[in-house]
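Please read the structure below before turning to the comments.
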Amino acid sequence: LMAHLVTEKTTVVSTGGVRLGQWFFPDWKPGGHGVVDVREAIAWSVNTFFYLVGGGYQSFQGMGPSALSRWLQTFGLGAKTQIDLTGEVSGFVPTEAWKQQERGEPWYVGDTYNLSIGQGDLLVTPLQVARYTAAIANGGWLVQPHVFQNKEAERIASGASPEAVELARQGMRDAVVYGSARGIGGIGVSAGGKTGTAQWNSDRNTHAWFTSFAPFENPEIVVTVLVEEGGEGSRVPVPVAREILQAWARIRAQPASGVVAP
């Protein structure tokens with residue numbers, strides 16, 4: 001969106017995946033999702049849309065690995081959040097130079113496709129995901145996380161326009177209303193969310209991700225859930241987040257008596 005490669009009206013036809021020579025990069029839904037725009041691609045986790053936006057296909061120009069890696073780093077990936085805890089790790093954002101130096105191999109379009117959907121050599125922590133989810137929820141500001149509430153916490157502008165961030169927000173709302181995260185609906189407060197299913201080992205089950213924020217109109221809370229080897233993101237972590245958000249909503253609705261219900 002920021003590079004003007006796509007707009008809110010850009011559509012992509014998902015027929016089940018993208019083929020490059022002998023390699024096939026699939027959607028999770030056999031046969032594909034049909035014609036989808038940005039919001040629908042977020043709502044249904046349509047891989048093909050992000051393959052094309054990230055790596056391009058035929059006459060469609062994608063971002064390319066350099067711009068993609070740069071935006072991932074801009075939203076805090078590949079670096080510690082500097083939370084006031086010990087033992088934090090930085091995760092990892094792969095680049096063309098890294099692959100050539102460490103593996104002696106060139107960067108392929110397939111690497112860009114994988115990176116475009118959060119796969120490949122990308123490594124993230126749940127805290128990093130929660131932090132960039134908050135940035136989408138609040139209009140584009142990366143907030144310095146702390147263990148205890150700190151109203152003076154530093155805020156860093158992500159550089160994304162309010163319009164681009166709002167489109168992503170709307171896509172996350174659509175995911176809850178009718179998409180892959182609709183299991184989070186009906187909790188008494190509006191929410192936005194995004195499911196994720198991360199392959200990490202050909203012989204082990206996938207990691208299951210879900211990240212969310214609420215209320216949608218004026219966000220106050222982010223809940224990010226990772227279930228290692230939990231299967232699909234739409235099935236396992238969503239109920240966990242639902243219980244957390246329901247508990248938070250009950251406490252939020254109570255009169256300010258100084259007593260918090262268990």
Side-chain angles (χ1 to χ4, degrees), residues 1 38-39 42-43 45 74-77 79-85 88 124-196 208-227 233-234 236-262:
L1 289 166
V38 177
R39 286 175 57 168
I42 296 171
S45 292
T74 296
F75 273 84
L77 300 188
K80 295 180 180 180
T81 69
Q82 301 301 329
I83 191 171
D84 37 358
L85 289 171
E88 184 182 15
V124 302
T125 69
L127 183 60
Q128 289 171 333
V129 174
R131 189 181 183 215
Y132 75 62
T133 301
I136 294 171
N138 69 28
W141 294 88
L142 284 165
V143 179
Q144 171 65 50
H146 291 280
V147 175
F148 297 101
Q149 182 174 341
N150 184 340
K151 294 182 179 180
E152 304 302 320
E154 180 184 5
R155 297 197 314 164
I156 304 170
S158 66
S161 71
E163 294 78 13
V165 174
E166 182 58 26
L167 197 56
R169 270 175 39 88
Q170 293 292 338
M172 292 179 72
R173 178 61 181 154
D174 291 344
V176 173
V177 172
Y178 68 81
S180 63
R182 57 190 179 279
I184 205 75
I187 60 174
V189 61
S190 59
K194 181 71 184 73
T195 57
W209 284 90
F210 180 63
T211 192
S212 56
F213 63 89
F216 178 77
E217 297 78 11
N218 187 25
E220 299 176 26
I221 186 173
V222 164
V223 175
T224 300
V225 178
L226 164 64
V227 181
S234 60
V236 181
V238 168
V240 177
R242 180 185 175 88
E243 289 195 26
I244 295 171
L245 287 169
Q246 282 181 318
W248 170 80
R250 286 196 301 268
I251 295 172
R252 180 174 178 268
Q254 291 178 350
S257 62
V259 178
V260 178

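In what follows, every heavy atom counts, from backbone to side chain, and hydrogens, waters and symmetry copies are set aside.
- Separation of atoms CG (D174) and OG (S180) is listed at 11.0 Å; rounding is to 0.5 Å.
- Side-chain atoms of R169 never come within 3.5 Å of backbone atoms of N138 as a donor-acceptor pair (strictly under, hydrogens ignored).
- Atom OG1 of T81 sits about 9.5 Å away from atom NE2 of H146, to the nearest 0.5 Å.
- Across all non-hydrogen atoms, the minimal contact from R242 to G186 is NH2-O, 3.6 Å.
- Looking only at distances, a side-chain donor or acceptor of Q144 sits under 3.5 Å from a matching main-chain atom of Q82.
- Judged by distance alone, with hydrogens and angles left aside, the side-chain atoms of R131 form a donor-acceptor pair with the main-chain N or O of V143 at under 3.5 Å.
- Of all the heavy atoms in I42 and G171, the pair that sits closest is CG2-C, 3.6 Å.
- The shortest non-hydrogen separation linking R252 to P215 is NH2-CG, 3.7 Å.
- The two atoms that bring A160 and V165 nearest to each other are CB-CG2, 3.8 Å, heavy atoms only.
- Of the possible donor and acceptor atoms, none in the side chain of T211 sits under 3.5 Å from a partner among the backbone N and O of K194.
- Between the R155 side chain and the L142 main chain, no donor and acceptor come within less than 3.5 Å of each other.
- Between the side chain of T74 and the backbone N or O of S158, no donor-acceptor pair lies under 3.5 Å.
- Rounded to the nearest 0.5 angstrom, S234 OG and R182 CZ are separated by 8.0 Å.
- To the nearest 0.5 Å, the span separating CD on E166 from CD on E163 amounts to 9.5 Å.
- Proximity of a side-chain donor or acceptor of Q170 to a complementary backbone N or O of R39 within less than 3.5 Å is not detected.
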- Under the side-chain contact (heavy atoms from CB on, under 4.5 Å) rule, what do W248 and V189 come out as? Steps first, then yes or no, please. CA-CA 10 Å; W248 170 80; V189 61; 4.3 Å; yes

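- Of all non-hydrogen atoms in A214 and A191, the two that sit nearest each other are CB-CB, 4.0 Å.
- Here the CZ atom belonging to F75 is positioned 10.5 Å from the OG1 atom belonging to T133, to the nearest 0.5 angstrom.
- Residues P126 and L226 approach most closely at CG-CD2, 4.0 Å, considering heavy atoms.
- When each of V129, T195, V227 is checked for a side chain to side chain contact (heavy atoms under 4.5 Å, CB included) with W209, only V129 meets the rule.
- Rounding to the nearest 0.5 Å places OG1 of T224 at 9.0 Å from CZ of F210.
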